Amino acid sequence: MILNLTVLPGDGIGPEVTGQAVSVLQAVADAFGHQLHQQQKLIGGAALTAVNDPLPADTIQACLSSTAVLLGAVGSPGFDHLPNHLRPEAGLLRIRRELGAYANLRPAVFFPALEDCSPLRAEIVRGTDMMIVRELLGGLYFGQPRSIEGEGGAKSAINTMRYSVPEIERIARVAFELAQKRRKKVLSVDKANVLECSRLWREVVTRVAKDYPEVKLAHQYVDSAAMLLVQRPADFDVILTENMFGDILSDQAGGIIGSLGLLASASIGGAVGLYEPVHGSAPDIAGKGIANPLGAILTVAMLLRHSFHLESEAACVEHAVTSVLDKGFRTADLLGKSEKSRKPISTTEMGGHVVEAVKNSAAKTQKEKSA
Ligand code: IPM
Ligand code: MN
């Protein structure tokens, strides 16, 4: 198969982690007999610096003409003082919209080798395997009107949370379809005791649930869901929620399993899938070669699964990550409570170990086939 890809390294640690993710993808392609065709384009702060636009037209063109897009991270403190449309984040929000990526899948899976990394006790976090389904093109992020007006003490700002029935219905279906292939539970998270948007959300989700009788639906207010997440993370299967709540709860899920640096995501629903690790550009550690590339590498697994339907290849990447963690390789963010004196490995070393593990497991499969 030809794997036609646009890579958007972006800002901060984005280029470092996507570099390793692409090496892993190349190793998988070689091992399974696929051809990787990739072009790299600018987004975010990198694009603002080069052409004063966080999402240049040729980046959009390239993305729309490929089968999938792999993104690193966007965001850079140097642009904090600028209006919204000249900030790096505007590039990310626009590419999500251009690609029609309304469904953001954010799995948070606990790795037994990382028991010591979670701030929670092992018996609490053990068995955690949830899928956050975050609506990605609506809510406060895109609602109109939005503005900041006035001067000084008379300034006021407006954002609008807005959801329509079709927007809720399509994301709800994604959650129920996923739940059918998992533990058949959907928890819909909202703030229906306060927000009209949430009341409509609850109404539509409840109606859609009737088409999936084997899936058990429950509703939870977001404040209470945040508490339950740390109390009983292993109880969660699919969490269905709107854009902003999903943004917040997914970082929390990263904290629970030990590091945000482990979380992958797929933004799908449109013609071209966008694959982005959940962590941001992490300017504090950018350029030091210490960032954890595993979130980006696991994002490659999601890309193989969702855009190319290459399940064995996706599983190969995931097994490779599990095996390097089992062997004890750790980037700085993954040093457990009792290991702070250990020397962590670098971004490229971690990526290299995953590449090795991919090659080994592919060689083993070949041997088994020919035996
Ligand atoms: C994320 C990020 C983005 C978001 C930012 C960078 C716009 O936090 O992907 O979670 O809020 O969606
Ligand atoms: Mn976020």
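Whatever order the structure lists them in is the order used to number ligands and atoms, beginning at 1. Every value quoted in this text rests on a predicted model; they were computed, and no experiment measured them.
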S.K.: Starting from atom 11 (O) of ligand 1, what is the nearest protein heavy atom, named by residue and atom, and what distance separates them?
M.R.: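 The answer is Tyr141 OH, 2.6 Å.
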S.K.: Can you tell me the N, O or S atom of Asp247 that's nearest the Mn ion (ligand 2)?
M.R.: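 Going by distance to the Mn ion (ligand 2), the closest N, O or S atom in Asp247 is OD1.
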S.K.: Asp30 and Gln26: side-chain donor and acceptor closer than 3.5 Å?
M.R.: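 Looking only at side-chain atoms, Gln26 and Asp30 do form a donor-acceptor pair, the distance falling under 3.5 Å.
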S.K.: Over 60° means perpendicular and under 30° means parallel, so tell me whether Tyr163 and Trp201 are parallel, tilted or perpendicular.
M.R.: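 Tyr163 vs Trp201 ring planes: perpendicular.
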S.K.: Answer yes or no: does atom NZ of Lys337 have more than 12 heavy-atom neighbours from other residues, nucleotides or ligands under 6.0 Å?
M.R.: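 More than 12 within 6.0 Å, yes.
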S.K.: So if I count the atoms of ligand 1 from 1 in the order they appear, which ones are less than 4.0 Å from some heavy atom of Arg134?
M.R.: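 Checking each atom against Arg134, I get 1 (C), 4 (C), 9 (O), 10 (O), 11 (O), 12 (O).
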S.K.: List the residues meeting salt bridge (Lys or Arg N to Asp or Glu O under 4.0 Å) with Glu167, not counting sequence neighbours, and say none if there are none.
M.R.: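 For Glu167 there are no salt bridge (Lys or Arg N to Asp or Glu O under 4.0 Å) partners, ignoring immediate neighbours.
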S.K.: Between Leu93, Leu136, Val74, Asp247, which one has a non-hydrogen atom sitting closest to atom 2 (C) of ligand 1?
M.R.: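 Among Leu93, Leu136, Val74, Asp247, the closest heavy atom to atom 2 (C) of ligand 1 comes from Asp247.
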S.K.: Test of understanding: given a 4.0 Å heavy-atom threshold, classify the contact between Arg87 and ligand 1 as side chain, backbone, both, or neither.
M.R.: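 No part of Arg87 is near ligand 1 at this cut-off.
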S.K.: Considering non-hydrogen atoms of the protein only, which is the closest contact for atom 1 (C) of ligand 1, and what is the distance?
M.R.: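 Protein heavy atom with the smallest distance to atom 1 (C) of ligand 1: Arg106 NH2, 3.3 Å.
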S.K.: Is any side-chain N of the basic residue among Glu356 and Lys327 closer than 4.0 Å to the acidic one's carboxylate O?
M.R.: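 Between Lys327 and Glu356 there is no salt bridge, as every charged N stays at least 4.0 Å from the carboxylate O atoms.
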S.K.: Give the residue and atom name of whichever protein heavy atom lies nearest to atom 3 (C) of ligand 1, and the separation in Å to one decimal.
M.R.: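 So the nearest neighbour among protein heavy atoms is Arg96 NH2, 3.9 Å.
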S.K.: Between the side chains of Asn4 and Ser66, does any donor sit under 3.5 Å from an acceptor?
M.R.: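 Note: Asn4 and Ser66 side chains miss the donor-acceptor criterion.
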S.K.: N/O to N/O below 3.5 Å, does that happen between Glu89 and ligand 1?
M.R.: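 It does not: no N or O of Glu89 is found under 3.5 Å from an N or O of ligand 1.
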